[in-house]
Amino acid sequence: MRSRFPLLLLLGIVFLASVSVSFDIAYWEKENLSHNKCLRSCISEKSTYRNQACHARCNLLKEDKEHQEGEHSLPTHHEEEDEDESIQPRPFPFPFPFPFPFPIPLRPRERQSEGSNNPFHFSSNRFHSLFKNPHGHIRLLPRFDQQSKRLQNLQDYRLLEVQLRPRTLLLPHHVDADYIIIILSGRAILTLQNPDDRNSYNLQNGDVQNIPAGTTLYLINPDNEETLKVIVLARPINNPGRLESFFLSSTEAQQSYLQGFSKKTLEASFDTQFKEINRVLFGEEGQQQDEESRQEGVIVKLSKEQIRELSKHAKSSSKKTISSKDKPFNLRSGSPVYSNTLGKFYEITPEKNPQLRDTDVFVSFVNMKEGALLLPHYNSKSVVILVVNEGEANAELVGEREQQQEESGEVQRYRAELSEEDVLVIPATYPVAINATSNLNFFAFGINAENNQRNFLAGEKDNVISDIPRLVLEVAFPGSGEETVKLIKKQTESYFVDAQPQQKQSQEREKEEKEEGSKGRNPLYSIFNAFY
């Protein structure tokens with residue numbers, strides 16, 4: 001039996017080799033036709049990929065072999081291969097070069113606008129860490145104006161994201177920037193320390209607080225399980241776009257700003273010898289600290305007893321009023337400005353809150369169900385910085401095509417697939433629509449908020465287009481005035497609508513037609529149908 005196996009294997013190899021040679025010869029003879037006849041044979045190729053390959057072979061038959069190899073070998077077009085990877089080109093026998101498919105020209109406008117070059121979209125991984133340890137992190141988004149010239153009006157603003165693990169403390173510090181903080185999730189104790197005045201507040205999801213530059217603050221996550229997430233809009237005072245933080249204590253990651261003073265200044269200020277100052281405040285001069293007492297960074301762990309003590313004097317945020325001059329307020333304190341079964345839109349403007357009036361910023365919170373569409377709209381004056389808290393969405397933003405000429409007249413769509421902690425900047429007057437592909441909620445800051453107006457482009461209420469006179473609409477659009485008015489007013493919902501109503505209506509019609517059709521069929525139809 002063992003002696004037969006090598007013989008059978010050898011015979012098998014010889015057989016396969018002969019079949020392969022025969023196939024190549026037959027294939028060569030089949031393809032070596034006149035050019036016109038070859039082109040006619042390509043008609044039978046239904047696949048775009050194979051049809052292009054067939055045409056390539058026909059063109060090669062007209063040329064000299066060397067010329068064919070030099071002129072007709074085209075680079076592979078990756079998008080075509082991705083479009084149909086399951087289809088492989090037929091083997092082309094030597095000496096003809098491999099016929100790569102010709103690239104199909106794409107619409108460059110859509111390809112560019114929907115690609116990864118969206119200047120208004122900042123994915124969550126664009127944040128870079130200012131500090132990170134096992135207890136939490138502080139991250140900073142790159143400067144807006146460095147992303148695109150269109151965001152130059154945001155050169156004075158920066159966006160920070162802070163996360164604190166359970167039972168942790170962000171050490172006391174102050175910054176050279178005005179802060180507006182929003183609690184994205186979790187609980188917090190925020191303490192603001194001013195000369196002869198200290199205020200501590202219990203904060204929760206949706207709470208907002210304005211913190212003037214130079215205010216000494218520290219932040220605690222008192223929860224035993226949930227991570228605290230905070231988003232901060234910062235406006236630096238000294239240098240536009242550049243943040244400087246001054247921490248009071250000295251750690252492995254951060255030097256105390258007190259260490260910047262000279263020995264004589266410190267001794268005179270504290271009326272204490274420098275050696276004692278060094279020992280107590282900076283832990284230097286040969287003092288050996290154990291790992292538990294030595295701080296690893298600006299975010300540190302607290303015990304339950306410490307949390308309990310620090311929580312004693314904390315006040316709750318203002319839930320009944322949003323007009324407080326210095327206390328925190330909650331975005332969902334009042335009624336939503338836009339609401340229906342698919343979504344709720346909460347907003348507090350400078351007209352309603354003195355803290356926001358000083359900074360000329362509005363704050364928003366939007367909650368949407370999966371499949372909901374926030375109708376196309378634009379803000380008349382405000383530049384909106386949107387931060388996704390939970391869920392995913394597809395956003396479409398429309399602006400003028402960026403060209404060297406100021407008046408290009410072409411519009412461009414910028415598409416962004418948004419997920420948790422992503423940021424989308426919406427310039428003033430740019431129409432935008434947001435489709436929630438899952439349950440979604442996001443927060444937003446509106447820069448230049450005073451007298452801003454939100455104009456919807458569809459829906460029954462607040463629709464700026466529906467108020468245009470019929471005669472003007474008739475002149476502006478190809479359709480008749482009656483058709484245009486009918487189309488514009490067909491949408492009976494406002495603000496939030498179903499993102500795919502036509503598809504669902506079509507599916508319902510098909511279902512009804514199928515049910516009606518089955519009623520008039522022979523009873524045996526369903527029996528026979530079971531066998532197919």
Side-chain angles (χ1 to χ4, degrees), residues 127 130-131 136-141 156-164 168-194 198-223 226-237 243-247 298-299 314-319 322 324-333 346-348 350 353-365 384-389 421 423 441-447 449:
F127 283 93
L130 297 179
F131 172 79
H137 67 241
I138 303 172
R139 301 195 304 163
L140 180 68
L141 196 69
D156 295 340
Y157 295 89
R158 300 301 299 271
L159 201 65
L160 283 158
E161 186 253 352
V162 180
Q163 287 193 20
L164 302 183
T168 54
L169 164 71
L170 174 60
L171 292 172
H173 65 286
H174 69 269
V175 294
D176 69 332
D178 291 324
Y179 272 2
I180 297 178
I181 72 168
I182 300 178
I183 306 300
L184 299 182
S185 62
R187 296 190 301 124
I189 300 174
L190 172 66
T191 300
L192 305 179
Q193 184 76 51
N194 290 300
R198 182 179 71 241
N199 293 294
S200 294
Y201 302 102
N202 287 313
L203 304 181
Q204 59 184 359
N205 176 272
D207 279 346
V208 182
Q209 174 65 49
N210 179 49
I211 305 175
T215 303
T216 296
L217 66 100
Y218 50 95
L219 189 67
I220 298 171
N221 179 5
D223 200 90
E226 189 176 2
T227 296
L228 169 65
K229 294 183 181 180
V230 181
I231 197 73
V232 182
L233 179 67
R235 187 174 187 178
I237 301 299
L243 278 172
E244 293 184 89
S245 299
F246 299 86
F247 280 83
V298 298
I299 302 175
K315 309 170 188 176
S316 298
S317 63
S318 178
K319 295 182 178 180
I322 59 174
S324 174
K325 294 181 179 179
D326 52 12
K327 296 180 181 179
F329 56 92
N330 194 280
L331 265 169
R332 289 170 289 185
S333 297
Y346 298 86
E347 184 172 78
I348 299 178
N353 184 275
Q355 297 182 51
L356 300 178
R357 192 178 306 132
D358 294 338
T359 57
D360 196 19
V361 172
F362 72 68
V363 287
S364 303
F365 172 73
V384 176
I385 302 172
L386 182 156
V387 182
V388 177
N389 183 37
E421 297 180 7
V423 176
N441 70 73
F442 60 83
F443 293 86
F445 301 95
I447 313 298

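With a 4.5 Å cut-off on side-chain heavy atoms, L356 and F329 count as touching. Side-chain contact check for R139 versus E421: some heavy-atom pair is nearer than 4.5 Å. Side chains of L159 and I385 form a contact here, defined as non-hydrogen atoms less than 4.5 Å apart. The shortest side-chain heavy-atom distance between L233 and I447 falls under the 4.5 Å cut-off. With a 4.5 Å cut-off on side-chain heavy atoms, F362 and V384 count as touching. When side chains are defined from C-beta on, K229 does not count as touching V162, because their heavy atoms never get closer than 4.5 Å. L228 is not listed as a side-chain neighbour of D223, based on a closest heavy-atom distance of 4.5 Å or more. Looking at heavy atoms from C-beta onward, V208 lies out of side-chain contact with I348 at the 4.5 angstrom threshold.
Qualifying side chain to side chain contact (heavy atoms under 4.5 Å, CB included) partners for D178, counting only residues two or more places apart in sequence or in other chains: P212, A213, I237. Legend: residues meeting side chain to side chain contact (heavy atoms under 4.5 Å, CB included) with H173, ordered by chain and number and at least two apart, are L170, V175, L217, F247. Scanning for side chain to side chain contact (heavy atoms under 4.5 Å, CB included) contacts around R332 gives N205, N330, Y346, F365, with sequence neighbours left out.
With values rounded to the nearest 0.5 angstrom, Q163 atom CD is found 7.5 Å from S185 atom OG. Residue L160 holds its CG atom at 7.5 Å from CD1 of I138, rounded to the nearest 0.5 Å. One finds the CZ atom of F445 at 6.5 Å from the CD1 atom of I180 (value rounded to the nearest 0.5 Å). Atom CD of Q209 and atom OG1 of T215 lie 9.5 Å apart (nearest 0.5 Å). Taken from CG in N194 to CG in L192, the straight-line distance is 7.0 Å, to the nearest 0.5 Å. How far CG of L184 is from OG1 of T227: 12.5 Å, rounded to the nearest 0.5 Å.
There is a side-chain donor-acceptor pair under 3.5 Å between E161 and H137. E347 and S364 share a side-chain donor-acceptor pair at under 3.5 Å.
The two residues Y179 and A234 make their nearest non-hydrogen contact at CE1-CB, 3.5 Å. Across every non-hydrogen atom of P222 and A188, the tightest pair is CD-CA, 3.9 Å. When every heavy atom of L140 is checked against every heavy atom of L243, the shortest pair comes out as CD1-CD1, 3.9 Å. The shortest non-hydrogen separation linking D326 to Y201 is O-OH, 4.1 Å. The two residues V230 and I183 come nearest to each other via the heavy atoms CG2-CD1, 3.8 Å. Across every non-hydrogen atom of E244 and D176, the tightest pair is N-OD1, 2.8 Å.
When each of T191, I189, I220, I299 is tested with L169 by the rule side-chain contact (heavy atoms from CB on, under 4.5 Å), just one qualifies, namely I220.
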TODO: Could you please spell out the steps behind the side-chain contact (heavy atoms from CB on, under 4.5 Å) verdict for L386 and F443?
DONE: CA-CA 6 Å; L386 182 156; F443 293 86; over 6 Å; no
TODO: Apply side-chain contact (heavy atoms from CB on, under 4.5 Å) to the pair V361 and N210, showing each step before the final yes or no.
DONE: CA-CA 11 Å; V361 172; N210 179 49; over 6 Å; no
- [ ] Walk me through it: do F131 and V298 pass the test side-chain contact (heavy atoms from CB on, under 4.5 Å)?
- [x] CA-CA 8 Å; F131 172 79; V298 298; 3.4 Å; yes
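Judged by distance alone, the side chain of D358 and the main-chain N or O of Q355 form no donor-acceptor pair under 3.5 Å.
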